[in-house]
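In what follows, a structure is listed as structure tokens, so that the remarks can point back to it.
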Amino acid sequence: MKRPPPPPVPTDREILEPTPAPARGVISWNMNTSCNYRCSYCTQRFMDDRGRWARDVPRFIEAFGRLPGPWEVKMSGGEPFVHPQFLEIVTALAALEFRISVVTNFSAKRSTLEAFVDAAGPHLGVVSCSLHLEYVSITDDPAARDTLSDFIARAQWVQSRLPSTGSVCVTCVATRTNLPTLAALRARFDAAGLVFKVQPHKRDREVIEYAPHERQQLVQLGGHNLTGSIAPDFGGQPCWAGSKYFIVDDRGLAFRCYPARRYRVERMGNLLDDGFALADGPTPCRYRYCNCTVPISRGMMPRPAAHDAALARP
């Protein structure tokens, strides 16, 4: 079935000047589809193939090395720590002097985490730890596979090993089941000195229809990844995605950003082939819902005052 096109951007929207070129580009690498969890709310749970991983690692490393200027690779999946060559990849990226970030369900053993931190060394960037309450007991049930206290202790340990350029954050999907517990979880992570972010629950790649009081709770918790908004809208604004940011999957297929992949448009070719090309500079965002928090957090698009004012409203 052909996907519908993105909704049109309002023609009367204020369009701002592009932000300065980022000093470092960022790649979101969905390096595998395999995962040791099967969360009921996972956006990938209906994929036909949950066992793929980037197999031609030398070609990926060579392709990354051809990119102009300094870059950061933010590895995700699936669960990147289950990739059979994960630590080998981290070592190779460090040799390229890339900044190395990861999005993980944080189920890896302490020894594996230590090997990862050692392999990344001074190049370690963002460690984003996804808290999945279907697998982590917030009551610290001793019979549970993992407990919140253990999760916090691991995160604090990683945070203690960070270089000056690194950071740790904890994220949690705001399902309707989770939502009543998130304020208390925020307080617990705050007390532990850890940044806590919520992510709206998506179904069929779109944010679910929250009730007004639920939307208010989400905004009070900072919105999607502390952007202040449940579904950020930068449609029409010039964005460096496609030039200083892109996403690539385990087979090398690259898109400008996550919304582009959602609509299967703005393909950039295959990173592993000669046809891959970066844009020359910022181009207008074509989407009314931006779930790419990397460009937002890295200042890759301007934030209109009207948009920021709307963030305070549920």
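All values reported here derive from a predicted model rather than from experimental measurement. Sequential numbering from 1 along the given sequence is applied to the chain's residues.
Checking Thr104 against Glu79 by side-chain atom types alone, a donor-acceptor pair falls below 3.5 Å. Of the N and O atoms on the side chains of Tyr210 and His201, not one donor lies less than 3.5 Å from an acceptor on the other residue. No side-chain donor from either of Thr139 and Asp141 sits under 3.5 Å from a side-chain acceptor of the other. Neither side chain, Tyr135 nor Asn36, offers a donor N or O lying under 3.5 Å from an acceptor on the other. Side-chain atoms of Ser130 and Asn105 include no donor-acceptor pair closer than 3.5 Å.
Note: His213 NE2 to Gln216 CD = 9.5 Å, rounded to the nearest 0.5 Å. A distance of 9.0 Å separates CD1 of Ile27 from CD of Glu72, quoted to the nearest 0.5 Å. The line from OG1 of Thr112 to CG of Leu87 is 7.0 Å long, rounded to the nearest 0.5 Å.
Across Glu134 and Arg38, no two heavy atoms sit closer than the pair OE1-O, 4.4 Å. Taking both residues in full, the closest heavy atoms of Val103 and Ser76 are given as CB-CB, 3.8 Å, listed atom of the first, atom of the second, then distance. Cys257 and Ile247 make their closest contact through O-CD1, 3.8 Å (heavy atoms, listed as atom of the first residue, atom of the second, distance). Here the shortest heavy-atom pairing between Arg256 and Cys239 reads NH2-O, 3.3 Å. Nearest approach of Met31 to His83, heavy atoms of both residues: O-CD2, 3.7 Å. For the residue pair Arg110 and Ala153, the shortest heavy atom distance occurs at NH2-O, 4.1 Å.
By the criterion of side-chain heavy atoms lying less than 4.5 angstrom apart, applied directly or through intervening Ile, Leu, Val, Met, Phe, Trp or Tyr residues, Leu218 is grouped together with Tyr289 in one hydrophobic cluster. Hydrophobic clustering, with ILVMFWY side chains joined whenever heavy atoms are under 4.5 angstrom apart, keeps Tyr245 apart from Val248. Under the 4.5 Å side-chain heavy-atom criterion for Ile, Leu, Val, Met, Phe, Trp and Tyr, Trp240 and Phe98 are members of distinct hydrophobic clusters. The cluster map of Ile, Leu, Val, Met, Phe, Trp and Tyr, joined by side-chain heavy atoms under 4.5 Å apart, puts Val82 and Val136 in different clusters. Both Phe64 and Phe116 are part of a single hydrophobic cluster, where members link through side-chain heavy atoms under 4.5 Å apart.
Stacking of Arg154 on the aromatic ring of Phe106 is recorded, both the 6.0 Å distance cut-off and the 45° axial limit being met.
Here the rule is side chain to side chain contact (heavy atoms under 4.5 Å, CB included) with Leu133, and of Thr177, Leu148, Leu185 only Leu185 fits it.
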Stepwise side chain to side chain donor-acceptor pair (under 3.5 Å) test for Ser149 and Arg188: CA-CA 10 Å; Ser149 292; Arg188 188 159 176 185; 2.8 Å; yes

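Under the 4.0 Å criterion applied to side-chain N and carboxylate O atoms, Arg66 and Glu62 are assigned as salt-bridge partners.
Proximity of Cys292 to Pro259: side-chain heavy atoms (C-beta onward) are separated by under 4.5 Å at one or more points.
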